[in-house]
Number of protein chains: 2
Amino acid sequence: MVLPENSKKSTMKEVAKCARVSISTVSHVINKTRHVDKETHDRVLEAIEKLNYAPNIFARGLRGKKIRVIGVIISDIRESFFAEVVKAIELTAHSEGYSVILCDSEDDPLKEQLHINTLIQNGVEGLIFAPVNNSTRVYDSIIPHKINAIQIDRKVYGLSVDFVGINNMEITKKAMNHLFNHGFMNVGFVSYQTNVYTMEQRLLGYKMAAQLHNSSKKINVKFIQYSGSDNKEIIKSWLYQNKEIDSILCGNDNICHQVLRAIRELQYEIPKDMGVLSFDDSKWFKLVTPSITAIRQPTNQIGKLATELLIAEIQNKIKNYSQKENHILSAELIIRKSCRESSE
Amino acid sequence: MVLPENSKKSTMKEVAKCARVSISTVSHVINKTRHVDKETHDRVLEAIEKLNYAPNIFARGLRGKKIRVIGVIISDIRESFFAEVVKAIELTAHSEGYSVILCDSEDDPLKEQLHINTLIQNGVEGLIFAPVNNSTRVYDSIIPHKINAIQIDRKVYGLSVDFVGINNMEITKKAMNHLFNHGFMNVGFVSYQTNVYTMEQRLLGYKMAAQLHNSSKKINVKFIQYSGSDNKEIIKSWLYQNKEIDSILCGNDNICHQVLRAIRELQYEIPKDMGVLSFDDSKWFKLVTPSITAIRQPTNQIGKLATELLIAEIQNKIKNYSQKENHILSAELIIRKSCRESSE
DNA sequence: CTATAAAATTATTGCGCAAACGTTTTTATC
DNA sequence: GATAAAAACGTTTGCGCAATAATTTTATAG
């Protein structure tokens with residue numbers, strides 16, 4: 001294999017020597033921090049090219065220069081919602097010259113804390129995270145390091161950090177209305193148990209809708225364990241024990257997958273015996289039979305906006321940091337065939 | 001919000017002062033590079049605790065210390081295969097104290113090169129990547145920086161870098177045999193066009209099997225564009241123009257999704273009119289009707305092994321670097337209902 | 001041809017740390 | 001009690017760079 005002319009990494013000093021200038025001139029050429037005579041300037045660039053020079057990131061970091069790395073903490077990259085959001089974050093970040101360190105919290109507060117610490121130690125300039133729970137304690141460690149942050153998907157009360165996500169209560173009510181309008185009078189709700197604003201809002205939306213449309217009915221909520229384990233059997237016995245449930249609202253596409261398998265094994269027919277509506281639109285929803293009505297979140301927008309906001313904050317382009325902003329994007333109800341024909 | 005006692009980041013110097021020792025003692029306590037008297041040792045730890053001290057990664061990096069970050073370059077994090085592999089990489093890396101910087105190449109050689117450069121500049125100690133194509137040129141830039149690397153999924157000829165993946169030719173032949181044994185005599189192959197060993201091996205397996213079982217039949221291969229675009233219409237017209245095709249081998253689950261939609265719109269019935277078998281087992285394959293027979297790759301193993309090998313190399317625990325090793329794991333054929341009952 | 005401002009470049013410092021090297025203190029030996 | 005050996009710690013340097021302060025060179029005016 002043929003190696004480039006100069007195979008070991010060179011330093012500014014070597015570049016300076018090669019261009020017959022001082023290292024400070026080299027620095028100013030690289031950083032455009034001062035005018036340098038065209039001739040000298042070109043000589044420096046030539047030397048940089050010739051020696052295959054690239055700045056040492058550690059020396060830069062040590063001098064307090066920005067290193068353009070952001071950290072992202074989400075629950076699980078295998079969940080399509082997060083995969084899509086992370087994809088958008090990556091694209092946006094790279095287009096602005098930032099790299100992305102990815103961490104899965106697996107909805108474990110300890111892992112979350114660990115990752116926050118590691119990321120900060122690794123010198124990230126900013127953080128995008130989907131909080132595991134409602135405790136602000138974990139995030140206290142961010143503040144002293146004056147690292148900018150953005151919360152996505154989930155929101156923590158009283159945390160002075162911008163939020164990007166959807167209006168969960170509103171869209172939940174809309175989904176519930178859709179179910180009620182199609183003759184389902186007893187909707188059950190299956191979701192991961194996470195003690196965050198997002199989940200509370202969904203629950204609130206669920207309860208309000210349930211009470212409005214059918215005040216005599218029970219609230220039927222099943223909280224299941226996070227991704228790792230298979231909850232099919234748990235869902236089956238829940239359905240078995242709550243025979244009045246005629247339809248299910250699923251917390252995300254992964255939960256929906258488990259719900260569908262449970263329903264199938266119980267030999268219920270969708271939508272005749274059981275309606276299904278799911279958060280997070282999977283591309284497979286239109287291919288299963290019947291196709292699944294879903295709440296589509298604007299994953300690209302969420303990732304893009306969160307990243308843009310973060311980078312803007314990092315670059316101090318904006319605003320009064322004492323007050324956080326909520327950026328509420330709109331989710332969309334994709335109507336398919338898992339909820340019967342309309343009774344209207 | 002209550003801040004921790006000491007909110008600004010402290011230095012070794014401050015810790016030294018607080019513990020009434022020299023900074024070298026602090027350094028040695030932190031790095032365990034020299035014996036320190038128990039009493040002194042404890043005093044230092046206390047000071048570290050009290051001042052909430054954490055080493056500055058840039059200073060360490062500048063001194064040539066390892067910073068425990070690896071880079072990962074894959075095609076697209078939204079593909080389930082890569083999401084699962086990355087998940088395993090992350091878990092393994094974190095458990096060894098490494099962080100992971102994630103990059104999507106989108107199978108674009110320019111992006112790949114860019115990411116490699118950025119990662120190296122960011123001081124990663126190692127690289128795990130799924131090469132975009134067969135050119136070694138891109139990877140030449142890795143060598144001079146003496147950064148360890150592992151290839152996953154795809155393999156580049158003549159690149160002196162370990163490989164972790166499956167035996168594509170073998171499993172393709174096995175899948176083809178399965179199709180032939182179930183009465184499909186003219187298998188078409190739909191895949192992304194990427195000029196890599198993996199793809200060549202699959203093609204080779206496909207061709208060998210086709211010739212063996214049915215020498216009079218054409219080779220029917222359709223290469224489609226990468227993820228971004230929807231190829232449903234292209235697949236439809238390909239099927240329309242090649243009516244002899246009675247079954248399709250799909251390059252991955254995403255391609256299978258597009259194939260299934262094409263088949264549905266052509267109103268072919270699976271498996272009666274058209275057999276389907278796909279690389280990469282999606283959890284949705286068992287929920288669509290009929291369920292899809294698939295080649296399941298050991299994604300966890302791939303990610304885990306690649307990471308372990310990389311970290312072992314980084315830590316110089318092993319081996320003669322002049323010769324690369326291939327780590328071939330075995331894929332599994334998951335038989336479902338998209339290929340008729342056996343004719344045997 | 002000075003005097004002086006302006007432009008162009010250089011010398012230098014210090015970021016925080018690891019480790020080579022140096023010093024002091026303690027313990028062991030005869 | 002003198003000397004050696006070992007243990008315990010301290011002093012210092014330099015990693016590569018950015019940016020400040022200092023210096024040299026060039027341009028302009030009188």
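Residue numbering restarts at 1 for every chain, and letters A, B, ... go by the order of the sequence lines.
- Comparing D:dA18, D:dC9, C:dC17 by their nearest atom to the side chain of B:Met12 picks out C:dC17.
- To the nearest angstrom, P of C:dT9 lies 12 Å from CG of A:Asp42.
- Whole-Å rounding puts the B:Asp37 CG to C:dT24 P distance at 19 Å.
- Classification of A:Arg154 and A:Asp107 as a salt-bridged pair holds, one side-chain N sitting under 4.0 Å from a carboxylate O.
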Yes or no on ring-ring contact (aromatic ring centres under 6.0 Å, His included) for B:His35 and B:His28, after CA distance, side-chain angles and deciding distance?
CA-CA 8 Å; B:His35 176 76; B:His28 283 119; over 10 Å; no
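- Between A:Tyr53 and A:Ser10 the shortest heavy-atom distance is CD1-O, 3.2 Å.
- Summarising the geometry, the separation between NE2 on A:His41 and P on C:dA7 is reported as 18 Å, rounded to the nearest angstrom.
- At whole-Å resolution of the value, CD in A:Gln121 and P in C:dC17 are 10 Å apart.
- Note: A:Tyr197 and A:Tyr157 have perpendicular aromatic rings, judged against thresholds of 30 and 60 degrees for the angle between ring planes.
- Side chain A:Arg43 to base C:dT9: no donor-acceptor pair is found below 3.5 Å.
- The residue A:Val36 sits close only to the backbone: its heavy atoms come under 4.0 Å of sugar-phosphate atoms, none of a base.
- Using a 4.0 Å cut-off, some side-chain N or O of B:Thr25 falls inside it from OP1 or OP2 of D:dG10.
- Residue B:Ser24 places a side-chain atom within donor-acceptor reach of the base of D:dG10, judged by atom type and a 3.5 Å distance cut-off alone.
- Taking atom CZ of residue A:Arg20 and atom C1' of nucleotide C:dT10, one finds them 16 Å apart after rounding to whole Å.
- When the side-chain nitrogen and oxygen atoms of B:Thr40 are compared with OP1 and OP2 of D:dC9, one or more of them lie within a distance under 4.0 Å.
- Going from atom CG of B:Leu62 over to atom C1' of D:dA18 covers 13 Å, rounded to whole Å.
- Take the nearest nucleotide of DNA chain C for B:Arg63 and for A:Ser22: the residue whose nucleotide is more 5' is A:Ser22.
- The CZ atom of B:Arg34 sits 11 Å away from the P atom of C:dA19 (whole-angstrom rounding).
- At C:dA18, none of the side-chain N or O atoms of B:His28 fall inside 4.0 Å of OP1 or OP2 (strictly under the cut-off).
- Summarising the geometry, the separation between NZ on A:Lys17 and P on C:dT9 is reported as 21 Å, rounded to the nearest angstrom.
- Applying the 4.0 Å criterion to OP1 and OP2 of D:dC17, one finds that A:Asn56 has every side-chain N and O outside that range.
- Nucleic acid contact for A:Thr11: sugar-phosphate only, since backbone atoms but no base atoms lie under 4.0 Å from a heavy atom of the residue.
- A salt bridge links A:Glu106 and B:Lys87; the closest N-O separation between the charged side-chain nitrogens and carboxylate oxygens is under 4.0 Å.
- Checked by distance alone, B:Arg60 brings no side-chain donor or acceptor within 3.5 Å of a matching partner on the base of D:dG16.
- For the pair B:Glu39 and A:Lys13, nearest-nucleotide mapping onto DNA chain D gives the more 5' position to B:Glu39.
- A:Ile70 has its side chain out of reach of A:Val124: every pair of non-hydrogen atoms, C-beta onward, lies at least 4.5 Å apart.
- Counting non-hydrogen atoms under 4.0 angstrom, B:Ile23 reaches a base of the nucleic acid.
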